[in-house]
Protein chains: 2
Amino acid sequence: MAETRHYYQAEMLKALAHPTRLQILELLKGGELCVCNIVPELNMEQSNVSRHLNILKKEGLVTSRKEGLKVFYRITDPMINDLLEASSELLKNFWERRQKTLI
Amino acid sequence: MAETRHYYQAEMLKALAHPTRLQILELLKGGELCVCNIVPELNMEQSNVSRHLNILKKEGLVTSRKEGLKVFYRITDPMINDLLEASSELLKNFWERRQKTLI
DNA sequence: TTACTATATGAAGTATATCATATATAGTAA
DNA sequence: TTACTATATATGATATACTTCATATAGTAA
């Protein structure tokens, strides 16, 4: 049924819908990064970053590989970048529309 | 700063990230609809539907107009449909990838 | 005015998400 | 083995989101 599909789609969108996770994905846009490179970029506990990475991973948005003690994360599908780009555009349009309305 | 932008982007994505709201947006894809047409499609209290519509509206995803007692909602920007379409595609790809991995 | 209809909102309960602290695990090196 | 480093997870506190029930509001019609 349609509701099941919407349920999984909502889960994926929920994984995207957090400022920290958006920031992580933006960092990963440039390519694979070690957790040890991600944590210092975010003003946040390491344990917290680890959780956010796990949320992204569970939804299939990122994948990871281990190399010794380090773990490297990367974006699974470049389409994710397009999706985020589109949502950014949309947001920009909303703002512009709001500006016009308020004049 | 970048975090402010991510904050608003996350708010918008959060508004999308609920099965009921995805269902509402799918219903509205065909054009403007009265609340009285939306409620019967969703297996849910009228008050609850009203709240979900309000969440979509606050994020600028839908707009409404009143006609007598009735209120009609419509999608603000057709780009929203594209965004949802893209996220559906992405989800499909994840599933296919998962299938392959599990074989 | 009253009675009615369509939609929205207040209040309260439950569920879920996020966060900080502390601890556990896995890998390396001595 | 011990000591160390990078990452993950458990626990508990707090915050946010969702839902239901009851009620309020706005518009219509008598």
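Hydrogens, waters and symmetry mates play no part in the numbers below; they use all other heavy atoms, side chains included.
The side chain of B/Tyr73 contributes an N or O atom lying less than 4.0 Å from OP1 or OP2 of C/dA8. Close to C/dG27, at under 4.0 Å from its OP1 or OP2, lies no side-chain N or O of A/Lys70. Taking 4.0 angstrom as the limit, B/His52 places none of its side-chain polar atoms (N or O) nearer than this to OP1 or OP2 of D/dA17. Contact check, B/Asn54 against C/dA8: no side-chain N or O comes under 4.0 Å of OP1 or OP2. Checking the phosphate oxygens (OP1, OP2) of C/dT18, a side-chain nitrogen or oxygen of A/Arg21 falls inside 4.0 Å.
Within the shown strands, C/dT2 is the pairing partner of D/dA29 under the Watson-Crick or G-U definition, both distances less than 3.5 Å. With a cut-off of 3.5 Å on both pairing distances, the Watson-Crick or G-U wobble partner of D/dA13 is C/dT18. Base pairing of C/dT23 is made with D/dA8, judged by Watson-Crick or G-U wobble geometry with both donor-acceptor distances under 3.5 Å.
Distance from the side chain of B/Met44 is smallest to D/dT19 among D/dT19, C/dG27, D/dA10. When distances run from any side-chain atom of A/Asn48 to the nucleotides C/dA20, C/dT9, D/dT7, the shortest one goes to C/dA20. If you check D/dA22, D/dA10, C/dA6 against the side chain of B/Ser47, the one that comes closest is D/dA22. Distance from the side chain of B/His18 is smallest for D/dT19 among the nucleotides C/dA8, D/dT7, D/dT19. Here the side chain of A/Cys34 is nearest to one of C/dG10, C/dA6, D/dT7, namely D/dT7. The B/Lys14 side chain lies nearest to D/dA17 when the options are D/dA17, C/dA20, D/dT7.
Looking at B/Arg98 and B/Glu96, no side-chain N of the basic residue comes within less than 4.0 Å of a carboxylate O on the acidic one, giving no salt bridge. Under 4.0 Å is where a charged nitrogen must lie from a carboxylate oxygen, and between B/Glu59 and B/Lys57 no such pair does.
In terms of position on DNA chain C, the residue among A/Thr20 and B/Val49 whose nearest nucleotide sits closer to the 5' end is B/Val49.
Atom C1' of nucleotide C/dC19 and atom CD of A/Glu45 are separated by 9 Å, given to the nearest angstrom. The nearest whole Å value for the distance from the CD atom in A/Glu67 to the C1' atom in C/dA26 is 15 Å. In this entry the distance linking NZ of A/Lys66 with P of C/dG27 reads 4 Å, nearest Å. Between the CG atom of A/Leu56 and the P atom of C/dA17 there is a distance of 14 Å, rounded to whole Å. Straight-line distance from the CG atom of A/Leu53 to the C1' atom of D/dA6: 13 Å, rounded to whole Å. The distance from atom CD1 of A/Ile24 to atom C1' of C/dT18 is 13 Å, rounded to the nearest whole Å. Here the C1' atom of nucleotide D/dA17 and the CG atom of A/Leu13 are 16 Å apart, to the nearest Å. Per the geometry, CG belonging to A/Asn37 stands 13 Å off C1' belonging to D/dT7, to the nearest Å.
A donor-acceptor contact under 3.5 angstrom links the side-chain atoms of A/Arg51 to the base of D/dA10. The base of D/dA8 lies close enough to the side chain of A/Gln46 for a donor and an acceptor atom to sit less than 3.5 Å apart.
The two atoms that bring A/Leu91 and B/Arg5 nearest to each other are CD2-O, 4.3 Å, heavy atoms only. Across every non-hydrogen atom of B/Met44 and B/Thr20, the tightest pair is CE-OG1, 3.4 Å. The minimum heavy-atom distance between B/Pro40 and B/Val35, with the atom names listed, is CD-O, 4.3 Å.
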Worksheet item: Are A/Lys14 and A/Glu11 close enough, and set up right, to give a salt bridge (Lys or Arg N to Asp or Glu O under 4.0 Å), and what steps lead you there?
Response: CA-CA 5 Å; A/Lys14 237 193 295 185; A/Glu11 286 301 306; 3.1 Å; yes

